[in-house]
Structure formats: structure tokens, C-alpha cells
> 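My questions all concern the structure below.
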Amino acid sequence: MEELGDDEFTVIAVALDSEPGAPEPWIEAANPTYPVLIDRTHQLADRFGIINVPTAIWIDERGRIVRPAEVAGAYEAFRHVDPELGRVPEEHTNYAKQMRLTYLEAIKDWVANGADSVHALSAEEIRNRQPAVDPAIEEAHVRFRLGQHLQANGRADAAREQFDRASELHPDSWAIWRQAADKLDNGIAAGPAFSERLAALGDRHYYPPPEIAGMPAPPSDG
Amino acid sequence: MTTILTPTDTIEVDATSEGPDLWVTAADLTRATGYELKPEGFCLEEICVPVPAGREAEFVRDGSEGTSINLATFWRYLEAPIAADERRATWSIGEPPTDRSMRLDTLEAPDFTLPDAAGNLHSLSDYRGRKVLLAAWASW
């Protein structure tokens, strides 16, 4: 994305990260040229309807939404481990690359062509894709922020109650669940509870594929 | 002091919490929610919500230290989310559904202000005039 940064375009990366110190090593390692912000209360998840990462929102020069929150070209290849091979088959790793490239090309097309880009959605389409106003989701964010504040003030048990309630109210949000979940030593919420929650998705997606023109069809599992 | 967590901010107020009620000053109501108490009701810019007739005492009361407003009752009246910890020292409030619907309908990206790792604040509106790819990621 760096090559796209200029007077007409910028990436603004935002870490949805409540824990002080957690995103900083990643930022240092990436050493990006664009701004990287830290959102400890996940306020953007509430405002923009973000349920997982990586998520992208396209915003034009006037501050209008061009594409609402969608998976930023990530593919759930890790859900296609072949037990016999003991790894993700190549067709899925290749598809992950293809999806990422297709998404990047779409961004470049929009940067070059603006509202004339095939990827700039119509007002009607944006309205269709925007998250619905849902009282349960609203309350989930309210409880998440309360939990985050209690956690930051050393009240882990009271915080846990709020996080659990938030996840019950907004079960589609991986951001709420993973932020509050126990982490492995590497800081990633990928323990047995994550595997279990992932398995419970069944045929539903962890990363719903972005509905973007030119995206190739995913490989079938055969 | 009572802490109120808004969708974008944390504010400290001198409030009285009684059971499900949270009484704050008119100035703190505005700081926490943007709504102002006016003769026509609770107003956010040009739109006013009248205090429901016959229920004034649940929403507004006058005391020796000026007018107090029951933020919790007002917020529930708007069908907006509100929650408190068990000590009722920290309250968290969300965006009222009608305000959110109107905001979504404009298709404008809501402005925000967040720090970078060095603590410098950035607002989305600082980047007006450029296309922005807002990219959410996380360490978890």
C-alpha cells in the first residue's frame, strides 16, 4: 500500500487494541509511512460496524463512505487444513494471495478513478451494505466499553461479566470476543476456546468474502 | 465522581446515582451526550425531544445547586443503550438509535480522533481532500 500514499490518498491504520503495549511492537516492526492509530475502546468497531480484522472502509475526499466495512481481502485459508497433509493445501494458499491482490487492485483502481471506479458503490448499495441499527449490538458495544474501563482499572472480574454479556449480545463480533479472550504467550487469542468457537461457525464464514467486482471464486474443498 | 463512558470519550462528572437513576447537571448532560435542555425539550442541534407530559419529575428537578437531569431515564426514553457497573460509579452510554439511523443515512463517515503510538492525535477530518483507506487491524 505504501506506493499509493500521496497527496490524493492515504491509508489510516487503526489497531483495535485495548491492552497497553500490545500493538506497539507490531507498529515498530512494520514501520509504516502512513498513520497508525490505537483505538483502545474499539470505538470504530461501534461507529463503523467492524466485527473482525482486517477490515477496510473506503472514504472519499469529502469524507463520504465509498465502501462500508468489509473484510480487507483476507481469506480464511487456515480453516482448510488438510488433516492428511497436515497443512493448508496450495490451492487455498494460492487463493489467499489471489484475493489479496484482487482487493489491492480494486483499491488502486478507485484511487485512480474515484467515483468512476467500478468499485465505488452507489448510495443505494452502500445503504444496503451498512450495518443495521440493532439494539442488541448497541448494548454490546456499551458493555464492551464498560468492561474495557473496568479492566483498565484493575477490576478483572467485573470486566469479565461485561465482556461475556457483550459477546452474548453480539455473537458475530470476533473483535469483542478475541479482545476479551485469554491469549497465548504470543498475545494471540488462538487457544482451544478459539478453535471451538471457530468450529461452531460450521458453514458460515470467519472472513465473509468481500463482494467486489473481479473477485475469483474460491476453491472447492472437493 | 462518576465516570461516564460515551462512544468516543470518557468524562468525569459530579453526579448523583440512585438505583437506576443518574442525575447530572445540564452542562454535564451536554458534555456526555450533546443534548441540551431547552424550553422545548432535550435538543440535539435543531431536533428536540419534548419531556413527556406528566413525567417531568422523572427527567428534570430543581435543587439548591441548580437544575439536574436524569440522564439514565432520558437515555432509556430514547431507547438508547446504557449500562453501569455494580457500584454505579461508572456508566456507559451508546448512540441513540434515531441519531444513528440519521447518521448512517447521510453516508458520511463519522469523524473520530485517536492517538498514534507516540500519543499524537489524528482526526479523520484532518485528511479531508484525500481518499482514505481506513484499515482496522489488531494484535490479538
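All of these numbers come straight from a predicted model, not from anything done at the bench. As a basis for the values below, the full set of heavy atoms in this structure was taken, side chains included, without hydrogen atoms, waters or symmetry mates. Just so it is clear: chains get the letters A, B, ... in the order the sequence lines come, proteins before strands, and each one is counted from 1.
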> Can you tell me which portion of A:Trp174 sits under 4.5 Å from chain B's heavy atoms? Options are side chain, backbone, both or neither.
backbone
> Name the orientation class of the two ring planes belonging to A:Phe144 and A:His42 (parallel below 30°, tilted from 30 to 60°, perpendicular beyond 60°).
tilted
> Determine, for A:Trp58 and A:Arg67, whether the Lys NZ or Arg CZ falls below 6.0 Å from the six-membered ring centre while staying within 45 degrees of the axis.
yes
> Is it the side chain or the backbone of A:Ala72 that comes within 4.5 Å of chain B heavy atoms, both, or neither?
neither
> Go through the atoms of A:Ile50 and report whether side chain, backbone, both or neither lie under 4.5 Å from a heavy atom of chain B.
side chain
> Measure B:Leu121 against the heavy atoms of chain A and call it side chain, backbone, both or neither at under 4.5 Å.
neither
> Is the shortest side-chain N to carboxylate O distance from A:Arg127 to A:Glu124 below 4.0 Å?
no
> So do the side chains of A:Val36 and B:Trp137 get within less than 4.5 Å of each other, counting heavy atoms only?
yes
> How about B:Asp111 and B:Ser125: does a side-chain donor come under 3.5 Å of a side-chain acceptor?
yes
> May I ask you to test the B:Val51-B:Phe42 pair for a side-chain heavy-atom distance under 4.5 Å?
yes
> Please flag which part of A:Leu150 lies under 4.5 Å from any non-hydrogen atom of chain B: side chain, backbone, both or neither.
side chain
> Go through it in stages, so that I can follow the logic: the residues are B:Arg103 and A:Val133, the test is side chain to side chain contact (heavy atoms under 4.5 Å, CB included), and I'd like the CA-CA distance, side-chain angles, deciding distance and then a yes or no.
CA-CA 11 Å; B:Arg103 176 169 69 70; A:Val133 181; over 6 Å; no
> Under a 4.5 Å heavy-atom cut-off, does chain B meet the side chain of A:Glu24, its backbone, both or neither?
side chain
> Counting only heavy atoms closer than 4.5 Å, note whether B:Asp105 contacts chain A via side chain, backbone, both or neither.
both
> Relative to chain A, which segment of B:Ala80 carries a heavy atom at a distance below 4.5 Å: side chain, backbone, both, or neither?
neither
> Which atoms of A:Arg40 come close to chain B, meaning under 4.5 Å heavy atom to heavy atom: side chain ones, backbone ones, both, or neither?
neither
> Please look at B:Glu95 and chain A and tell me whether the side chain, the backbone, both or neither of the residue comes under 4.5 angstrom of a heavy atom of that chain.
both
> Using non-hydrogen atoms only, which part of B:Ile93 is less than 4.5 Å away from chain A: side chain, backbone, both, or neither?
backbone
